[in-house]
2 protein chains.
Amino acid sequence: MRSTIREVSAAAGVSVTTVSRVLNNEPYVKPATRRRVEEAIARLDFRPSVAARALAGQRSFQIALLYDNPSPYYIYSIQTGARAHCIERGFRVVFQECDVTSADLARDIAGLLAETHLDGVILSPPVSDSAEVIAALQRSNLPFVRIAPGGSLDISPRVFIDDEAAAERITDHLVGLGHRRIGFIIGHPDHVASNQRLTGFRRALARHGIAEEAELIQQGLFDFTSGHAAGRRMLTMARRPSAIFASNDDMGAGVLTAAHELGLAVPGDIAIAGFDDTDLARLVWPPLTTIRQPTRELAHAAAKMLIDATDTGGQQLDFELVIRGSTVAQQRLKS
Amino acid sequence: MRSTIREVSAAAGVSVTTVSRVLNNEPYVKPATRRRVEEAIARLDFRPSVAARALAGQRSFQIALLYDNPSPYYIYSIQTGARAHCIERGFRVVFQECDVTSADLARDIAGLLAETHLDGVILSPPVSDSAEVIAALQRSNLPFVRIAPGGSLDISPRVFIDDEAAAERITDHLVGLGHRRIGFIIGHPDHVASNQRLTGFRRALARHGIAEEAELIQQGLFDFTSGHAAGRRMLTMARRPSAIFASNDDMGAGVLTAAHELGLAVPGDIAIAGFDDTDLARLVWPPLTTIRQPTRELAHAAAKMLIDATDTGGQQLDFELVIRGSTVAQQRLKS
DNA sequence: CTGTTAGCGCCTTCAT
DNA sequence: ATGAAGGCGCTAACAG
């Protein structure tokens with residue numbers, strides 16, 4: 001059976017209060033006493049019950065990660081990043097998928113908050129921009145950090161990259177290679193990043209004096225299937241583009257497959273480039289040019305900001321982390 | 001703020017015990033009373049605290065899903081399957097990645113069990129065959145269900161497909177198409193299924209009187225990279241095989257990519273077949289022949305078996321679910 | 001059928 | 001610097 005704080009206190013010859021103090025790293029415990037307690041904890045392999053701590057205290061040492069994404073690779077990346085930091089800090093993460101288009105979304109989130117005593121929540125796109133979720137969180141007064149939110153930037157700490165600049169840079173690269181007719185596959189309409197990436201693409205085209213062609217800009221859904229379909233459409237056009245820019249890696253893999261199916265050499269007949277949100281591109285299209293979005297690191301940073309906040313009462317939330325390309329910069333909000 | 005059972009009892013004009021009875025669907029509550037309580041619950045949007053229930057009762061309405069797998073698609077499949085059933089039953093799932101090769105594995109699991117009050121655990125491969133994890137679970141006397149375990153079949157309920165027969169069937173198919181030199185990529189050595197699939201392949205070859213060639217059987221790791229490497233090795237051999245059997249879909253995608261890179265037509269120059277553990281193949285290699293392993297359904301069935309057990313005190317654990325191809329059969333253990 | 005009385009394991013005032 | 005007492009929200013025997 002699991003051992004309890006009472007057994008530890010007996011073993012160490014102190015009161016449970018003292019053990020609790022040691023557990024929570026509180027001051028005013030004589031070093032010698034602290035050592036004895038720590039020894040007893042180790043000897044009994046004691047682990048405080050999350051349920052009991054949540055019930056008694058105002059902290060639960062649990063945070064939740066919300067997501068609603070079509071890409072298993074993406075989900076795995078954010079889960080891994082968030083968990084990595086939580087383990088370091090002795091926190092537990094609740095991975096919670098949700099449906100941003102559901103009518104019950106607000107109720108679902110409220111239920112999660114009521115059932116589970118959480119210390120904070122991380123929102124990943126497109127949940128980062130869900131008005132219902134944000135409202136429920138604010139109502140419950142729970143701290144939250146958003147990954148790559150598109151709007152209301154000042155209502156919460158956030159972690160993001162500059163999608164527009166990144167898309168612009170990739171487009172510059174393609175143009176630099178001599179491409180003038182470049183296809184673009186837009187991401188899922190629910191994701192704000194989709195539009196930001198499109199904007200960056202367009203801005204680069206304009207800067208290079210290249211006219212847009214409507215049929216070269218196709219809607220996708222951030223998943224393999226939609227990328228494959230859009231790729232096929234463009235690659236079978238009478239005058240097909242010489243390059244295709246996919247807004248994420250799943251769609252890029254789809255385009256690559258379409259090219260292969262049509263017997264086109266990559267990058268001989270058709271160049272493919274785009275965002276690598278989840279390191280999938282490193283596997284599927286290693287020779288191609290991508291902007292690597294450090295998804296795992298974004299989630300890691302989000303967890304850190306959140307947990308720092310619960311430790312210090314919210315002070316550190318005044319920071320935001322900007323990850324641009326491979327450069328990580330940290331800057332203070334104007335606040 | 002979250003409302004409590006006490007507020008519900010006040011609103012309904014009954015004692016908290018009665019509310020608790022309604023919550024837990026216990027008998028001996030007058031229908032009229034039950035209705036009044038349910039109304040109050042709905043009106044106050046009351047959700048019982050998981051922490052409080054876990055502390056007070058012997059049930060927590062929480063189970064854990066353990067995994068240690070290189071494939072994000074696989075992880076997502078089992079998470080989705082398990083969660084789907086848990087939501088139906090009002091349970092919460094804790095997704096817990098672990099490292100079966102870690103020296104701290106036993107401690108990690110013991111920690112999970114001590115911190116979280118769980119009603120049961122689902123093990124997915126290769127955790128299903130981890131002696132440490134199984135020992136920790138048995139020590140804690142917690143019910144657990146294993147997905148596709150390789151050994152000690154009677155120590156727990158299990159959910160599985162017949163990997164050997166499936167591999168045999170696929171091989172038969174390839175031979176039926178006229179292939180005599182078939183490459184085989186073995187799965188991760190930690191997974192029992194890897195060996196079972198190899199055995200099925202070999203048995204089919206033997207039955208058809210085809211001699212094995214050592215260089216046509218290559219070790220893989222169930223991930224894209226290893227499949228890609230093994231595929232390249234075989235496709236660049238002086239006398240390359242006419243077909244390749246990949247032990248899972250990630251490796252199959254790797255082989256497919258290798259074939260494309262080498263300018264080989266699929267399935268013209270090289271046939272590719274194998275297991276589709278995660279529906280990845282449906283996307284990446286739709287025209288190819290695969291055995292679909294219903295991973296999501298396996299996890300769903302595992303969750304059902306586990307929760308049924310907690311409801312009925314373990315009786316239903318005498319059942320096992322066999323999913324073979326698209327046929328689902330349920331049969332009683334000899335027990 | 002319903003209510004009363006104790007805790008579950010821990011944190012949190014308050015004393016000392 | 002340490003301990004005693006009370007309670008978090010709920011379930012579990014007991015009475016009625």
Side-chain angles (χ1 to χ4, degrees), chain A residues 1-38 40-41 44-62 90 92 111 113-119 310, chain B residues 1-38 40-41 44-62 90 92 111 113-119 310:
Chain A
M1 271 320 282
R2 75 160 51 82
S3 47
T4 73
I5 197 175
R6 209 180 317 272
E7 303 175 79
V8 174
S9 73
V14 297
S15 73
V16 292
T17 312
T18 302
V19 179
S20 175
R21 289 201 178 95
V22 173
L23 241 36
N24 294 289
N25 225 335
E26 284 169 25
Y28 303 124
V29 179
K30 204 185 336 185
T33 311
R34 185 181 297 271
R35 271 208 321 95
R36 259 192 307 140
V37 171
E38 279 164 351
I41 289 176
L44 296 178
D45 196 32
F46 166 71
R47 312 272 185 142
S49 153
V50 175
R53 298 183 95 176
L55 207 53
Q58 67 296 317
R59 300 204 297 168
S60 69
F61 300 93
Q62 285 189 133
R92 208 152 257 303
L113 302 185
E115 284 178 10
T116 319
H117 303 233
L118 295 172
D119 288 345
T310 69
Chain B
M1 270 318 282
R2 75 160 51 80
S3 48
T4 74
I5 196 175
R6 208 179 318 271
E7 304 176 78
V8 174
S9 74
V14 298
S15 72
V16 293
T17 311
T18 301
V19 179
S20 175
R21 288 200 178 96
V22 172
L23 242 35
N24 294 290
N25 224 337
E26 284 169 25
Y28 303 125
V29 179
K30 201 182 343 184
T33 310
R34 187 181 296 272
R35 272 209 321 95
R36 256 190 311 140
V37 171
E38 279 165 349
I41 289 177
L44 297 178
D45 195 31
F46 166 71
R47 312 272 186 143
S49 152
V50 175
R53 299 181 92 174
L55 248 196
Q58 69 294 316
R59 300 203 298 168
S60 70
F61 301 92
Q62 284 190 134
R92 207 152 258 301
L113 303 185
E115 285 177 9
T116 319
H117 302 233
L118 295 172
D119 288 345
T310 68

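Just so we're clear, the structure is a prediction, and the values are computed from it rather than from any experiment. Order of the sequence lines fixes the chain letters, A, B, ..., with proteins taken first and strands second; residue numbering starts at 1 for each chain.
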How long is the line joining CG of A:Leu55 and C1' of C:dC10, in whole Å? 8 Å

Answer with base, sugar-phosphate or nothing: what part of the nucleic acid does B:Val14 contact at a heavy-atom distance below 4.0 Å? sugar-phosphate

As an exercise, state the distance from CZ of B:Arg47 to CG of A:Leu113, rounded to the nearest 0.5 Å. 10.0 Å

Spacing between B:Arg36 atom CZ and C:dT2 atom P, to the nearest angstrom: 8 Å

Write down the distance between CZ (B:Arg6) and P (C:dT4), rounded to a whole number of angstrom. 12 Å

Quick one: CD1 on A:Ile5 to CD1 on A:Ile41, what's the gap to the nearest 0.5 Å? 8.0 Å

Can you tell me how far C1' of D:dA15 sits from CZ of B:Arg21, to the nearest Å? 11 Å

Would you please confirm or rule out a distance under 4.0 Å between OP1 or OP2 of D:dT2 and any side-chain N or O of A:Thr33? yes

Let's see if you can work this out: which of C:dC11, D:dT11, D:dA4 has an atom nearest to the side-chain heavy atoms of B:Asn24? D:dT11

Atom CZ of A:Arg34 and atom P of D:dA1: how far apart are they, to the nearest Å? 10 Å

Short side-chain N/O contact from B:Arg53 to OP1 or OP2 of D:dC10, under 4.0 Å: no

Please figure out whether A:Lys30 or B:Phe61 has its closest DNA chain D nucleotide nearer the 5' end. A:Lys30

Interatomic distance where CZ belongs to A:Arg59 and P belongs to C:dG9 [whole Å]: 22 Å

So, OP1 or OP2 of D:dT11: does either fall under 4.0 Å of a side-chain N or O from B:Ser20? yes

With the side chain of B:Thr18 defined as its heavy atoms from C-beta on, choose the nearest nucleotide among C:dC11, C:dG3, D:dC10. C:dG3

Would you say that B:Asn24 contacts B:Arg53 through its side chain, given a criterion of any heavy-atom pair below 4.5 Å between the two side chains? yes

Atom pair distance, as rounded to whole Å: CD in B:Glu26 and C1' in D:dT11: 8 Å

Presence of A:Ser49 side-chain N/O under 4.0 Å of C:dG9 phosphate oxygens OP1/OP2: no

D:dT11 OP1/OP2 closer than 4.0 Å to side-chain N/O of B:Gln58: no

Using the rule side-chain contact (heavy atoms from CB on, under 4.5 Å), only one of A:Thr4, A:Val8, A:Val29 pairs with A:Val19; which is it? A:Val8

Listed nucleotide nearest any side-chain atom of A:Ala56, set D:dC10, D:dA1, D:dC8: D:dC8

So does A:Thr17 reach the base of D:dA4 with its side chain, donor to acceptor, closer than 3.5 Å? yes

Counting distance alone, no hydrogens or angles: does the base of D:dG9 have a donor or acceptor under 3.5 Å from a partner atom on the side chain of B:Arg47? no

Got a second to check how far B:Thr116's OG1 is from B:Arg92's CZ, nearest 0.5 Å? 12.5 Å

Could you state the atom-to-atom distance from NE2 of A:His117 to C1' of C:dC11 in whole Å? 14 Å

